[in-house]
Each structure stands twice: as structure tokens, then as C-alpha cells.
Amino acid sequence: MDVTKPLERGMPHIIVEIIEYVPHAVVSRTIIKKTTGNVTATSMATGEELGEKTSPFDTYVQIIDGTAEVSINDKIIVLNLGEGLIIPAHSKHSFTANEQFKMITTTIKSGYDD
């Protein structure tokens with residue numbers, strides 16, 4: 001599957017199949033990218049990590065394959081297949097793949113009260 005090619009609009013797809021596992025790698029594919037928010041599919045091979053970062057926006061994470069370890073403000077949370085959570089805006093967070101997993105992340109950048 002060509003991860004550089006956008007998904008065809010108005011056509012069904014199997015979400016877990018839109019991104020593959022690559023040994024020793026983290027692979028991401030943007031599903032939707034707008035100024036108001038993004039939807040991204042990511043696969044992480046066993047042993048890989050996405051280092052700590054913060055975002056000024058809430059981010060919804062849903063596991064679509066495997067099990068992920070998420071750290072939010074130094075609290076470890078294990079997410080299993082089908083589970084999701086909201087990473088609060090301005091929280092430091094990271095991901096660890098103790099086993100391979102795939103996730104969908106959705107960030108909405110509009111509608112925040114100042």
C-alpha cells in the first residue's frame with residue numbers, strides 16, 4: 001500500500017490495513033490534514049518509542065491493533081485493542097511499543113474557549 005497516496009474520499013477502507021508494520025520503525029500516514037485538525041494512523045514496531053512531547057490541543061487516541069503503553073504526565077496507561085483516551089492539551093505524553101501496535105490519533109484545533 002502506498003502510504004504517500006491520500007485515501008480515496010467517499011470509498012470504504014479497512015482502517016487497520018491502511019498502514020503496515022515496518023521492523024524497527026514508527027510509520028505514520030495522514031488520513032486528514034486541515035488547519036482545524038488532523039487524523040493520523042500510526043504503526044509502531046515492538047521496542048519503538050515516540051518520545052515525550054506536548055500539544056496545545058486535546059488529542060484522541062484509539063488503538064486499532066495490539067496494545068500500547070501511553071505515558072501522560074508521568075502516569076503510565078495501557079491501552080488495548082479497541083480502547084481509546086483523550087490526551088489533554090498541554091500534557092506531556094509519550095508512547096512505548098512493548099508489543100507492536102497501530103493507533104488512530106485525532107486532533108481538533110478549533111472550538112477551544114480562550
Please report the closest heavy-atom contact between Arg29 and Ile19, naming both atoms and the distance.
N-CD1, 3.7 Å
So which atom in Ala45 and which in His24 form the shortest heavy-atom distance, rounded to 0.1 Å?
CB-N, 3.6 Å
For Met11, the hydrophobic cluster (side chain heavy atoms closer than 4.5 Å, chained through members) also holds none
Exercise: identify the closest heavy-atom pair between Thr105 and Thr59
CB-CG2, 4.1 Å
Search all heavy atoms of Ile18 against all heavy atoms of His13 and return the closest pair with its distance.
CG2-CD2, 3.9 Å
Counting only heavy atoms not in Ile86, do more than 12 fall under 6.0 Å of its CD1?
no
How about Ile76: does its CD1 atom have over 12 heavy atoms from other parts shown lying under 6.0 Å from it?
yes
Residues in side-chain hydrogen bond (donor to acceptor under 3.5 Å, both in side chains) with Tyr21, at least two apart?
Asp65
Do Glu52 and Ser71 touch side chain to side chain, with heavy atoms closer than 4.5 Å?
no
Using the salt bridge (charged side-chain N to carboxylate O under 4.0 Å, His left out) rule, collect all pairs that involve residues 67-86, keeping only residues at least two apart or in two chains.
Asp74-Lys92
Quick one: CD1 on Ile104 to CD on Gln62, what's the gap to the nearest 0.5 Å?
8.0 Å
Atom pair OG (Ser94) and NZ (Lys53), whose distance is rounded to the nearest 0.5 Å:
11.0 Å
Hey, does the side chain of Ser55 reach the backbone of Phe57 with a donor-acceptor pair shorter than 3.5 angstrom?
yes
Working to the nearest 0.5 Å, report the span between CG of Asp58 and NE2 of His90.
8.5 Å
Residue pairs, two or more places apart or on separate chains, that pass side-chain hydrogen bond (donor to acceptor under 3.5 Å, both in side chains) and touch residues 35-47
Ser28-Thr42
List, by chain and number, the other hydrophobic cluster members for Ile72, where Ile, Leu, Val, Met, Phe, Trp and Tyr join if side-chain heavy atoms come within less than 4.5 Å, directly or indirectly.
Val26, Met44, Leu50, Val61, Ile63, Val70, Ile77, Leu79, Leu85, Ile87, Phe95, Phe101, Met103
side-chain hydrogen bond (donor to acceptor under 3.5 Å, both in side chains) partners of Thr67, counting only residues at least two apart:
Asn80
Mind checking whether Val27 and Glu20 have side chains closer than 4.5 Å, heavy atoms only?
no
Could you tell me whether the side chain of Ile31 reaches within less than 4.5 Å of the side chain of Ile15, counting heavy atoms only?
yes
